[in-house]
A.B. asks: 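One structure coming up, written as structure tokens, with questions to follow.
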Amino acid sequence: MNEIPPYLQDLNEEQRAAVFHEGKPLLILAGAGSGKTRVVTTKIAYLIREKFVNPRSILAVTFTNKAAREMAERATAIESSATDAMLRTFHSFGAWFLRRNGEYAGLSSNFVIYDDEDMVTVLASIIEGKKKNELKLIAHQISRAKDYFFTPESADLVFINHKSEFRKIYAQYEDALRKTGNVDFGDLIKKPVEILRDNPGVAQKLHDRFRVIMVDEYQDANVAQFELLKAICSPETYVCVVGDDDQSIYRFRGAEVKNILEFPDRFGGADIIRLEKNYRSTSHILDVADSVVRRNTGRLGKELKAERGAGVKPMLAFLNDQDNEARECAALIDNSVRVKKNSAYSDWAVLYRTNAQSFGFENEFLRRKIPYRIVGSLKFYEREEIKDALALLSFVVNTKDEVSFRRVVNKPSRGIGASALEHILLERAAADWDIEAAAENSAQGLSAKARAGVVSFLEAINNARKTLLTPQQENGAQVPDDSSRILKAAQGLSRCVADLIENAGIAEYHRSHDEVSGETRVSNLQELVNGAVLYDATPEGLADFLERIALDRAIEQQDDGESRVTLITVHNTKGLEFRRVIMTGLEQGLFPRNDKEGDDLEEERRLFYVGATRAMDELYLTSCACRRVFGQTTPMAPSLFLEEVDISKMRIVGSPPYGFKLPSVKEKSGKAAGHKQKVSSDGRWRLGDRVFNEDCGYGEINAIDEDAEGPVITVCYENGRRQRFLSRAQSSRFMKIRD
DNA sequence: TAGTTTTAAGTTTTT
DNA sequence: CTTAAAACTA
């Protein structure tokens with residue numbers, strides 16, 4: 001027996017088996033916190049170091065950029081040459097492939113990637129008289145179709161939308177998209193599969209390059225991604241996928257759990273290794289998470305064993321409203337960091353179901369000076385001025401880009417209205433679908449005003465292109481000495497981007513348009529410019545920059561080493577862990593979302609499971625009695641999950657709203673617990689009495705305390721409000737109702 | 001036709 | 001409370 005190298009020593013038996021495994025395809029079923037990232041990164045290092053596999057022939061695919069980065073970091077820490085392995089998301093791999101082989105699908109290497117909003121613009125250009133919401137739905141369905149690898153001709157398209165109209169629109173959309181020379185997200189997966197299928201030579205080259213392929217979070221792969229995986233694997237490729245069916249949370253995006261179930265069949269009798277030892281969470285936390293997800297039918301089922309002991313019980317807090325929730329979370333964190341020696345802000349994460357919920361926490365944390373960072377929050381790249389600037393850049397890169405052209409041609413106002421626009425676009429057919437050429441050729445059909453506008457637009461584009469192609473000229477640097485190269489590296493693309501935004505009048509447009517918000521918009525543009533600093537001032541550099549933005553919208557958080565609380569959506573936490581986690585907003589309609597049922601409800605349960613299993617030491621759940629929605633306070637019922645959860649493993653604080661019965665829990669705990677009584681000392685009130693109040697409606701007496709001033713009564717109303725009052729101060733506005 | 005004011009409608013989750 | 005569509009004015 002060979003001696004075991006140190007980096008393999010702390011692995012358990014199953015983990016080690018997974019790392020050493022070779023030959024047949026391998027499916028690793030890895031529960032939450034069972035060390036699967038560790039297995040993948042160790043395996044990469046092991047293959048390079050012990051099996052002399054060329055790092056360049058290893059491909060590891062993940063679902064988020066963050067996961068890809070983390071994986072690269074950890075693998076490189078063990079084996080430095082792992083830096084040459086390719087670690088990408090599925091989409092980023094698809095883009096990488098298409099930049100090199102797009103010609104086989106009629107794409108040039110400078111395509112840009114359309115987001116959902118751009119899809120809607122394309123649809124709007126081919127369909128008349130549909131509202132934006134309808135177009136959004138169609139765009140969504142086209143995305144789904146591509147996730148399932150359906151073409152406009154596929155018979156199965158009826159499962160997405162049964163109308164024959166949809167088939168027609170999908171076909172027209174594909175046609176319009178092709179003319180722009182660009183791709184949407186779905187194409188990044190679908191087109192590579194088609195190219196590999198139709199061009200054996202291309203496939204052969206790829207098969208020669210990648211001998212080892214690993215997929216992380218495999219439960220989130222959709223049908224098209226599964227097809228891509230098959231297409232990049234040859235019989236000689238070693239394939240290893242890692243996943244957990246209980247953590248599949250992207251069904252809405254076409255993820256198919258059956259990819260996991262069918263993997264052994266589809267990949268010729270794969271070996272299966274289960275990792276069922278959880279090293280992350282204490283057992284009470286796991287029990288709480290498991291008690292909810294076990295209600296799901298149709299799961300592989302597994303016993304996750306906690307290796308860390310029982311720990312403290314998770315806490316469930318019933319609170320009044322979202323302001324209360326923000327304050328309580330802030331107080332909890334602040335207190336913990338202040339009091340406990342071993343608690344830092346960075347140990348904490350506040351989880352929520354929707355991005356919109358982050359606002360309340362941000363405000364409160366700012367007020368209390370609690371340092372935080374927000375993960376995700378796509379808002380920045382959705383701002384109008386940013387989209388304008390990016391559209392301008394996209395058009396410079398690809399002058400067939402109709403979506404971007406429409407967006408910026410008349411911004412600032414150049415007198416080019418709808419009719420002029422249509423005229424220019426009609427000229428495209430004679431100009432090989434190049435819009436810039438079409439605009440040049442369209443002069444005679446336009447009004448004098450529009451003609452002048454077109455000239456000024458073309459000028460701006462041309463200037464931009466000149467700067468991009470010959471960026472060094474402005475320095476007059478004949479000798480390419482070190483200092484000019486350093487200068488170029490430091491300025492990168494950002495100078496060109498800044499010039500372009502100025503010259504094309506985007507910045508001026510926003511400055512003059514609205515004095516108040518104009519300045520913020522211009523400073524947002526400046527931030528975009530700063531982001532371009534690392535990229536070359538060349539068309540390729542620009543294309544790289546745009547791709548990064550399209551595929552990885554998480555704003556680069558500067559790591560100043562300060563310890564910060566993490567604010568994050570539950571979806572975004574996948575693959576992360578925190579010592580202390582607060583899952584907020586456990587209310588019916590919010591989490592789980594609106595009356596989800598069947599498979600959708602099961603997905604929400606898995607989401608709960610993912611969130612809860614992020615916690616290592618402490619888990620807190622909050623549920624509010626009411627919440628502001630559309631600016632109006634509306635009553636909320638506690639989440640269904642709070643009825644399903646194993647309550648014996650939790651501590652409860654506060655009392656649930658009117659009418660909600662926790663399964664087998666004694667009355668209420670908390671402050672009043674010590675001197676709780678059935679009847680008030682003045683005999684006026686009885687615990688559990690129904691009462692009516694003009695302002696709040698029906699309610700129930702929830703607690704009776706005795707004070708120096710006499711009895712204090714607490715009422716919970718059906719609308720979620722709660723009220724405390726002195727018995728003797730109560731007037732006739734209150735009516736008692738006997739059962 | 002471009003820009004503003006009024007009115008109606010509406011909240012997932014992400015590559 | 002915010003955003004999109006419709007209606008309106010210069």
Side-chain angles (χ1 to χ4, degrees), chain A residues 61-68 88-95 113-117 119-120 129-136 140 143-144 146-147 183-190 217 220-222 224-225 228 248-255 322 351-360 375-379 381-384 410-421 447 449-450 453 509 512-514 547-554 568-575 585 589-596 600 603-604 606-608 610-611 627-634:
Chain A
V61 185
T62 63
F63 278 82
T64 67
N65 294 283
K66 204 198 302 173
R88 283 174 181 263
T89 64
F90 262 114
H91 288 90
S92 137
F93 174 78
I113 300 159
Y114 281 162
D115 64 13
D116 299 1
E117 200 185 324
M119 285 181 82
V120 169
K130 281 230 194 298
K131 296 228 180 73
K132 201 171 177 187
N133 270 345
E134 298 174 89
L135 294 178
K136 264 189 190 165
H140 181 254
S143 293
R144 275 312 66 71
K146 291 191 178 186
D147 287 343
V183 298
D184 58 24
F185 274 110
D187 286 345
L188 292 177
I189 310 297
K190 189 165 165 276
E217 308 284 9
D220 286 325
N222 60 39
Q225 286 163 335
L228 180 56
S248 171
I249 55 175
Y250 286 105
R251 214 180 86 92
F252 69 94
R253 214 173 71 187
Q322 58 196 347
L351 277 48
Y352 35 78
R353 180 66 177 75
T354 68
N355 280 303
Q357 287 165 260
S358 72
F359 273 113
V375 176
S377 172
L378 324 163
K379 294 280 187 297
Y381 293 109
E382 283 167 9
R383 289 171 196 274
E384 187 193 354
N410 203 31
K411 208 176 236 186
S413 179
R414 297 185 173 96
I416 303 167
S419 57
L421 189 69
S447 70
K449 195 170 76 172
Y509 171 82
S512 63
H513 211 249
D514 185 337
E547 179 176 316
R548 224 290 321 271
I549 287 171
L551 296 182
D552 184 6
R553 308 191 133 200
I568 191 168
T569 62
V570 187
H571 279 90
N572 258 323
T573 61
K574 197 151 59 115
L590 185 64
F591 193 7
R593 259 211 85 72
N594 275 338
D595 304 316
K596 292 235 168 163
D600 288 337
E603 174 137 321
E604 297 273 316
R606 293 193 289 268
L607 196 54
F608 177 91
V610 167
R627 186 173 285 277
R628 268 193 308 281
V629 45
F630 301 141
Q632 272 201 323
T633 305
T634 43

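Sequence lines set the chain letters: A, B, ... in the order given, protein chains first and strands last, and positions in each chain run from 1.
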A.B. asks: In whole Å, measure the gap between the C1' atoms of dT11(B) and dA6(C) for me.
C.D. replies: 22 Å
A.B. asks: Show your reasoning for whether side chain to side chain contact (heavy atoms under 4.5 Å, CB included) applies to Leu607(A) and Phe591(A).
C.D. replies: CA-CA 9 Å; Leu607(A) 196 54; Phe591(A) 193 7; 4.2 Å; yes
A.B. asks: Aromatic rings His571(A) and Tyr250(A): how do their planes relate, parallel, tilted or perpendicular, breaks at 30° and 60°?
C.D. replies: tilted
A.B. asks: Would you say Ser92(A) places a side-chain N or O within less than 4.0 Å of OP1 or OP2 belonging to dT15(B)?
C.D. replies: no
A.B. asks: Under 4.0 Å from any heavy atom of chain A: name the first and the last nucleotide of DNA chain C that qualifies, 5' to 3'.
C.D. replies: dC1(C) to dA6(C)
A.B. asks: Checking the side chain of Glu603(A) only, and the main-chain atoms of Arg251(A) only, is there a donor and an acceptor separated by less than 3.5 Å?
C.D. replies: yes
A.B. asks: Rounding to a whole Å, what distance do you find between Lys132(A):NZ and dA9(B):P?
C.D. replies: 17 Å
A.B. asks: Heavy atoms under 4.0 Å, any strand shown: does Asp116(A) hit a base, just sugar-phosphate, or nothing?
C.D. replies: base
A.B. asks: Using every non-hydrogen atom in the two residues, find where Val375(A) and Asn572(A) come nearest and quote the distance to one decimal.
C.D. replies: O-ND2, 4.0 Å
A.B. asks: Expressed as a whole number of Å, how far does the P atom of dT12(B) sit from that of dA5(C)?
C.D. replies: 15 Å
A.B. asks: Go through Arg253(A) and Asp147(A) one step at a time and tell me if the salt bridge (Lys or Arg N to Asp or Glu O under 4.0 Å) criterion holds.
C.D. replies: CA-CA 7 Å; Arg253(A) 214 173 71 187; Asp147(A) 287 343; over 6 Å; no
A.B. asks: I'd like to know if the side chain of Asn65(A) reaches the main chain of Leu551(A), judged simply by a donor and an acceptor atom lying under 3.5 Å from each other, with no hydrogens or angles considered.
C.D. replies: yes
A.B. asks: Using whole Å, what does the distance between atom P of nucleotide dT14(B) and atom NE2 of His140(A) come to?
C.D. replies: 13 Å
A.B. asks: Return the nucleotide paired to dT15(B): Watson-Crick means purine N1 to pyrimidine N3 with N6-O4 or O6-N4, wobble means G-U with N1-O2 and O6-N3, both under 3.5 Å.
C.D. replies: none
A.B. asks: Pick the closest DNA chain B nucleotide for Thr569(A) and for Asn133(A) by heavy atoms, then say which residue is nearer the 5' end.
C.D. replies: Asn133(A)
A.B. asks: Expressed as a whole number of Å, how far does the C1' atom of dT13(B) sit from that of dA4(C)?
C.D. replies: 23 Å
A.B. asks: Please state whether the phosphate of dT13(B), meaning OP1 or OP2, lies under 4.0 angstrom from any side-chain nitrogen or oxygen of Asn355(A).
C.D. replies: yes
A.B. asks: Need the pair for dG3(B). Rule: Watson-Crick or G-U wobble, both distances under 3.5 Å, any strand; none if unpaired.
C.D. replies: dC8(C)
A.B. asks: Take the protein atom CD of Glu134(A) and the nucleotide atom P of dG10(B), then report the distance between them rounded to whole Å.
C.D. replies: 11 Å
A.B. asks: Glu603(A) CD to dT13(B) C1': how many Å, rounded?
C.D. replies: 8 Å
A.B. asks: Can you identify which nucleotide, out of dT11(B), dT14(B), dT13(B), has its nearest atom closest to the Thr354(A) side chain?
C.D. replies: dT13(B)
A.B. asks: Need to verify one output field. Residue with the more 5' nearest nucleotide on DNA chain B, Arg628(A) or Phe63(A)?
C.D. replies: Arg628(A)
A.B. asks: Leu351(A) has an atom CG; how far is it from atom P of dT13(B), in whole Å?
C.D. replies: 14 Å
A.B. asks: Tell me whether Arg88(A) contacts the main-chain N or O of Gly94(A) through its side chain, where contact means a donor paired with an acceptor under 3.5 Å.
C.D. replies: no
A.B. asks: Could you tell me the separation between the CZ atom of Arg251(A) and the P atom of dT14(B), rounded to a whole number of Å?
C.D. replies: 18 Å
A.B. asks: Under 5.5 Å between ring centres and under 30° between planes: does that hold for Phe252(A) against the base of dT13(B)?
C.D. replies: yes
A.B. asks: From CZ of Arg253(A) over to P of dT12(B), roughly how many Å is that when rounded to an integer?
C.D. replies: 17 Å
A.B. asks: Could you pull out the closest heavy-atom pair between Arg353(A) and Glu604(A), with the gap in Å?
C.D. replies: NH2-OE2, 2.6 Å
A.B. asks: Contact class for Tyr250(A) (heavy atom, under 4.0 Å): base, sugar-phosphate, or nothing?
C.D. replies: sugar-phosphate
A.B. asks: Take the protein atom CD1 of Ile113(A) and the nucleotide atom C1' of dT15(B), then report the distance between them rounded to whole Å.
C.D. replies: 10 Å
